[in-house]
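So the structure is just underneath, and the comments pick up after that.
No hydrogens, no waters, no symmetry mates; every other heavy atom, side chains included, goes into these values. A quick note: this is a predicted structure, and the numbers were derived from the prediction, not measured. Residue numbering restarts at 1 for every chain, and letters A, B, ... go by the order of the sequence lines.
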Amino acid sequence: MKARIIERRQLCPEIYLYKIEAPHVAERFRPGQFVIIQTHEKGERIPLTVAEAQPEKGIISLVFQVVGKSTLHLSLLQKGQYLENCVGPLGNPSEIRRFGRVVCVGGGTGIACLWPILKALKAVGNEVLTIIGARTAERLILVEEIRQASSQVFITTDDGSQGEKGLVTDVLARWINSPAGASSPAIDRVIAIGPAPMMKKVAEVTRPQRIKTIVSLNTIMVDGTGMCGSCRVFLGQTMKLACIDGPEFDAHRVNFDDVISRLEMFRQKEKLALETYRRQLAAQREGLAPKELHPKRLSSD
Amino acid sequence: MIKIGGRRVPMRELSPEERIKNFSSVPLGYTEAEAVREAQRCLQCRGVPCEVYCPIHLRVLDMIRAIAARRFQEAFFIIQADNPLPAITGRVCPQESQCEGVCPLAQDGRGLNIGKLEAFVADWARARGLREKLQIKERPQRVAVIGSGPAGLICAYDLRRWGYQVVVFEALHKAGGVLQYGIPAFRLPTEVVDYEISYLQEIGVEFRLNFFVGQNIPFAELRRDFAAIFIGTGAGAPLFLGIEGENLKGVYSANEFLIRVNLMKAYRFLEYDTPIICGRRVGVIGAGNVAMDAARCARRLGAEEVYILYRRTRKESPARDEEIQHALEEGIIWMELVAPRRFLGDEKGWCRGVELVRMRLGEPDSSGRPRPLPIEGSEFVLELETVIEALGTTPNRLFLKQAPELAVNRWGLIQVDDNLQTNLPGVFAGGDAIRGNATVILALGDGRKAAAAIHRQLSEAER
Ligand SMILES: Cc1cc2nc3c(=O)[nH]c(=O)nc-3n(C[C@H](O)[C@H](O)[C@H](O)COP(=O)(O)OP(=O)(O)OC[C@H]3O[C@@H](n4cnc5c(N)ncnc54)[C@H](O)[C@@H]3O)c2cc1C
Ligand SMILES: Cc1cc2nc3c(=O)[nH]c(=O)nc-3n(C[C@H](O)[C@H](O)[C@H](O)COP(=O)(O)OP(=O)(O)OC[C@H]3O[C@@H](n4cnc5c(N)ncnc54)[C@H](O)[C@@H]3O)c2cc1C
Ligand code: SF4
Ligand code: SF4
Ligand code: FES
């Protein structure tokens, strides 16, 4: 089913927010779920978290970072154009309950994935402390939205251009390990979404105190419905499928080294696809190639 | 003058050297003259064993007579009346254990080439755009079909012919089930499947792609909005060995491998965006149709050495004869009586090989086949860059989780009565969802039977 892009916004050099018409996704979406899209008929099926849903308007928001051919192609689509396919909502919703004090840690586009979860957690009465980070101030996204949805927000950047200089995990470690932290009310739950190495670090930081920590795993997926096994992850010796058992898992049981390793499986080919596409785009700009790289499909629907 | 008996008219095929370079159909199909010659061999047996042993009892003999008399159009309509997908069954049925296996002309276990004749008439009709002209008398009742594999397709077709408003829900972005995502194009060309589906669309079956029932639309909502439901969700969830090293890069389930290759067309990478990594040395675990398909795909993706690693022997293999034959012609190496113990990887997490243990055959097990037993101390290592596990599949637990009111047995197969009705009134099921890994023709038989039961139930309710 095609899904129309009704708003296209660039949040920072490589991250975009798209509003998409997908009424049945918007209606059913609960925080923590994702969709799988295909930007064109011959495209890859890629998973993207739903950052916001407006069921009354039948609209969902997706926030994505350009990392390869599919996301680059997506970033070049304009308002009014269509995604070829969009299926969802997929995956299990986040557990939303009154935990008490929840610390949410977000990095990169993970910040957008956290956003609906924060809102829901706060709405049921949690104290939501949020730590978000990026390489530079310019790359921080949705800061205002996150501020509104949290009880308190802490910001880190690698270069110190906004907030504290350092990593999100530095702040988290300080809270957990400082004597002051020990006397103040304890942290009841940590939720971390971001690059796999960041989530791994968060798990390490919270493990000694056994603070329940949830991460949302961004494995490679194809169908998203439990049919292929490409999204398999290991919790100890137990195999789970991120698409139907997750995407959220208990961070302390996840074998992150496997997750990180398996994300690289197709890297060599992905690089080739991206380079080829960039060359095609350049040729197109110079008028050497037909403009329509992905010819409109002879649609039957 | 009709000549009977004699040898099979050989099927022309792409040579092994040619075909491992592409995904084109391996059998080239009979010409009209060849089909006539093959049909003329028929002995017109009393009792017609071929029809008796066809799971849906097609009118094989009438079709053969019409072909022998060069009345191809008539042959097509004879077969089409009972099987809307002859181009598909003709290509994928395990004929040697069904219609052809019992034909007295069988010299090597395979009689008259019924499958290829069936495919011939279907292809002949497709080339001419010949299709049954239906006079549909509309009925108001709506029926939902969940899953667009062969079971769902035939059920939708029959119900639509009787005038029902049929909506097919399919989780993937293309309809066809295993026919689309599993069976490779060199066995079942994509355009054949697409043609059959376009016919259903033409007669007014509505397809809602990208809808996983249970997850994207509640099962309860379907039960409210539709007068009856047919569940043809198949058994598409892969099984894994559960041994050390399954997390390594280069280890796939056959489903992932085949979905990337067939559904996503990874063999045309760069034109299509989905990648696949296939090493020089590939091991496929298992020896059924799925294993043969995966092995033959790997060969076409450029693998130099492809091993079938099977714990029993060729005699016990459930694959179609033709598939094994084709695989061997393509240079696939058959290694039997071995079982994997663990996969070995390098420091970067890539698969580098498999440790195998030799097996021997013991007493028959529950499947009636001799139970393979390990010979301790016989372990050895086979170097491989890619491993494909083709161990079979089970029903999708996501659907069952979202429809807990459905009664299932302990293997997760949906329970049905003689009419294929589930424990929920008005909800029917068939195909791999009730049988586990079965066949296209059994799925078609179920879809047809369920459609008839739905028709009976709904027309009785009308009165
Ligand atoms: C449940 C889930 C939710 C996700 N939500 C979002 C989101 O909201 N926003 C967003 O920007 N991204 C999200 N991702 C990641 C996103 O799917 C990938 O970035 C995307 O598939 C990359 O496609 P590509 O063709 O552009 O890049 P590719 O060419 O496929 O890959 C480029 C690089 O990205 C890495 N990569 C590939 N696939 C993934 C993946 N699934 N996850 C992480 N890295 C990957 C590869 O290692 C490679 O080096 C999510 C992933 C999952 C599983
Ligand atoms: C690689 C391979 C090769 C094979 N070769 C042969 C062969 O040569 N000969 C032979 O006779 N048989 C063969 N088989 C077996 C045969 O394909 C199956 O028995 C047959 O396809 C079963 O049909 P089905 O309609 O029950 O289900 P499937 O074909 O499995 O179709 C089920 C469909 O339902 C969809 N679905 C599942 N759950 C939902 C849901 N909740 N909502 C919406 N959609 C859903 C799935 O996406 C899928 O498209 C092969 C199987 C495989 C995998
Ligand atoms: S449907 Fe299959 S079993 Fe029946 S006649 Fe055709 S090929 Fe033979
Ligand atoms: S069994 Fe063989 S010879 Fe006999 S009627 Fe059927 S096809 Fe003809
Ligand atoms: S993405 Fe295929 S099983 Fe999870």
Cut-off 4.5 Å, heavy atoms of chain A, and the answer for Ile259(B) is side chain
When the 4.5 angstrom heavy-atom criterion is applied to Arg397(B) and chain A, the contacting part is side chain
So, the part of Met265(A) with a heavy atom under 4.5 Å from chain B: the answer is both
>> Using side-chain contact (heavy atoms from CB on, under 4.5 Å), reason through Val25(A) and Asn216(B) one step at a time and then give a plain yes or no.
In response: CA-CA 7 Å; Val25(A) 183; Asn216(B) 308 142; over 6 Å; no
The reported gap from CD in Glu41(A) to NZ in Lys174(B) (rounded to nearest 0.5 angstrom) is 7.0 Å
Salt bridge (Lys or Arg N to Asp or Glu O under 4.0 Å) filter on Glu256(B), not counting sequence neighbours, yields Arg260(B)
Is it the case that more than 12 heavy atoms not belonging to Arg131(B) sit under 6.0 Å from its CZ atom? yes
On a heavy-atom basis, the closest approach of Pro238(B) and Gly229(A) is CG-N, 4.2 Å
Scored by heavy-atom pairs under 4.5 Å with chain A, the best of Ala266(B), Gly250(B), Pro218(B), Gly234(B) is Pro218(B)
Turns out that what part of Asn396(B) lies under 4.5 Å from chain A's heavy atoms comes down to side chain
Rounded to the nearest 0.5 Å, the CG atom of Leu398(B) sits from the OG1 atom of Thr225(A) at a distance of 7.0 Å
Turns out that what part of Phe207(B) lies under 4.5 Å from chain A's heavy atoms comes down to neither
Item checked: Flag if over 12 foreign heavy atoms under 6.0 Å of CD, Glu202(B) -> yes
If one checks every heavy atom of Phe234(A) against chain B at 4.5 Å, the contacting part turns out to be side chain
_Can a donor-acceptor pair be found, under 3.5 Å and without considering hydrogens, that links the side chain of Gln215(B) to the backbone of Pro89(A)?_
yes
Turns out that what part of Phe240(B) lies under 4.5 Å from chain A's heavy atoms comes down to side chain
Here the gap from Gln38(A) atom CD to Thr274(B) atom OG1, rounded to the nearest 0.5 Å, amounts to 7.0 Å
Rounded to the nearest 0.5 Å, the NZ atom of Lys265(B) sits from the NZ atom of Lys42(A) at a distance of 10.5 Å
Here the pair of heavy atoms bringing Phe269(B) nearest to Lys269(A) is CZ-O, 3.3 Å
Most heavy-atom pairs under 4.5 Å with chain B, out of Gly226(A), Gly43(A), Cys243(A), belong to Gly43(A)
When the 4.5 angstrom heavy-atom criterion is applied to Leu248(B) and chain A, the contacting part is backbone
TODO: Apply the test side-chain contact (heavy atoms from CB on, under 4.5 Å) to residues His40(A) and Asp273(B): give CA-CA distance (whole Å), side-chain angles for both, the deciding distance (0.1 Å), then the verdict.
DONE: CA-CA 10 Å; His40(A) 63 107; Asp273(B) 292 347; 2.8 Å; yes
Looking only at Phe212(B), Phe399(B), Phe211(B), the option with the highest number of non-hydrogen pairs under 4.5 Å against chain A is Phe211(B)
Salt bridge (Lys or Arg N to Asp or Glu O under 4.0 Å) filter on Arg160(B), not counting sequence neighbours, yields Glu138(B)
Rounded to the nearest 0.5 angstrom, the CG-NZ distance for Asn210(B) and Lys2(A) is 11.5 Å
Whatever's closer than 4.5 Å to a heavy atom in chain B on Arg262(A) counts as both
Whatever's closer than 4.5 Å to a heavy atom in chain A on Leu258(B) counts as neither
CD (Glu264(A)) and NZ (Lys348(B)) are apart, to the nearest 0.5 Å, by 9.5 Å
Is the shortest side-chain heavy-atom distance between Gln268(A) and Ile277(B) below 4.5 Å? yes
Note: vs chain B, highest number of non-hydrogen pairs under 4.5 angstrom among Gln237(A), Met227(A), Glu270(A) is Met227(A)
With chain A, the option among Thr393(B), Leu270(B), Asn255(B) that has the most non-hydrogen atom pairs under 4.5 Å is Leu270(B)
Under 4.5 Å to a heavy atom of chain B? For Leu272(A) that would be both
For Ser253(B) and Cys228(A), the nearest pair of non-hydrogen atoms, with its separation, is OG-O, 2.6 Å
Do Asn85(A) and Leu209(B) come within less than 4.5 Å of each other through their side chains, counting heavy atoms only? no
One option among Ser70(A), Cys86(A), Gly68(A) has the most heavy-atom pairs under 4.5 Å with chain B, and it is Cys86(A)
So, the part of Glu246(B) with a heavy atom under 4.5 Å from chain A: the answer is both
_Residue pair His173(B) / Glu84(A), side-chain heavy-atom distance below 4.5 Å_ = no
The interface call for Ile260(A) against chain B, heavy-atom contacts under 4.5 Å, is neither
Bottom line for Thr276(A): the part with an atom under 4.5 Å from chain B's heavy atoms is side chain
Review point. Thinking salt bridges, do Lys401(B) and Asp245(A) make one under a 4.0 Å N-O criterion?
Key: no
Okay, Ile46(A) and chain B: the region with an atom under 4.5 Å from a heavy atom over there is neither
Turns out that what part of Phe257(B) lies under 4.5 Å from chain A's heavy atoms comes down to neither
